[in-house]
Amino acid sequence: MFRRFRPSNNVLEDICRVEDLVRERFRVENTEIILVSEDPGGKLGFPPLETNVIFWKNDKRYRLKVFSPVS
């Protein structure tokens, strides 16, 4: 089955901050969804944690990957 991963409590503030920054930078309306997650890095030689952002704007999907922790 599927396993749900949760961010640790100390990362939630950083996730909200990144969501606000993305919303402001890309002018994403409050009615649009922005998903921010801190995930384990899966590639050899890359940092152990990466930040992934997915958002929709005018029915178009965008994806950002930052090779560093959300904090």
Side-chain angles (χ1 to χ4, degrees):
M1 294 308 297
F2 297 103
R3 180 177 168 199
R4 182 181 173 114
F5 293 101
R6 288 188 178 183
S8 59
N9 288 336
N10 58 349
V11 177
L12 290 176
E13 288 180 17
D14 295 323
I15 287 175
C16 290
R17 181 179 52 82
V18 170
E19 179 183 346
D20 292 340
L21 289 170
V22 169
R23 193 172 297 283
E24 181 182 331
R25 169 62 179 92
F26 294 102
R27 296 183 184 114
V28 179
E29 297 292 328
N30 288 334
T31 58
E32 302 288 348
I33 295 173
I34 298 177
L35 303 173
V36 179
S37 64
E38 183 179 74
D39 303 314
K43 298 189 181 207
L44 187 62
F46 283 83
L49 294 173
E50 62 188 29
T51 303
N52 291 293
V53 180
I54 299 172
F55 66 94
W56 288 261
K57 183 177 176 182
N58 300 326
D59 294 328
K60 187 172 180 182
R61 181 178 176 257
Y62 296 89
R63 180 177 173 216
L64 303 171
K65 182 180 288 239
V66 181
F67 294 102
S68 69
V70 72
S71 61

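Since the structure is predicted, the reported quantities are computational estimates derived from the model, not experimental observations. Just so it is clear, the values below take in all heavy atoms, side chains as well, and ignore hydrogens, waters and symmetry mates.
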Euclidean distance, Asn58 CG relative to Arg27 CZ, rounded to 0.5 Å: 12.5 Å
Rounded to the nearest 0.5 Å, what separates atom CD1 in Ile54 from atom NZ in Lys65? 9.5 Å
When clusters are formed by joining ILVMFWY residues with side-chain heavy atoms under 4.5 Å apart, either directly or through shared neighbours, do [X] and [Y] land in the same one?
X: Val36; Y: Val28; result: yes
X: Leu64; Y: Phe67; result: no
X: Val22; Y: Trp56; result: no

Using the side-chain contact (heavy atoms from CB on, under 4.5 Å) rule, take Phe26 and Ile34 through it: C-alpha gap first, then chi angles, then the decisive distance, then the call. CA-CA 11 Å; Phe26 294 102; Ile34 298 177; over 6 Å; no
Quick one, Phe55 with Glu32, criterion side-chain contact (heavy atoms from CB on, under 4.5 Å). Give me CA distance, side-chain angles, the key distance, then yes/no. CA-CA 7 Å; Phe55 66 94; Glu32 302 288 348; over 6 Å; no
N/O donor-acceptor pair under 3.5 Å between Arg63 side chain and Val53 backbone: no
So that I can tick it off, tell me whether Glu19 and Arg23 are bridged by a salt bridge, with the cut-off set at under 4.0 angstrom between side-chain N and carboxylate O. yes
Atom of Gly41, atom of Glu50 and distance for their closest heavy-atom approach: CA-OE1, 4.0 Å
Could you pull out the closest heavy-atom pair between Leu49 and Pro40, with the gap in Å? CD2-CA, 4.1 Å
Would you mind telling me which of Leu35, Val70, Thr51 makes a side-chain contact (heavy atoms from CB on, under 4.5 Å) with Ile15? Val70
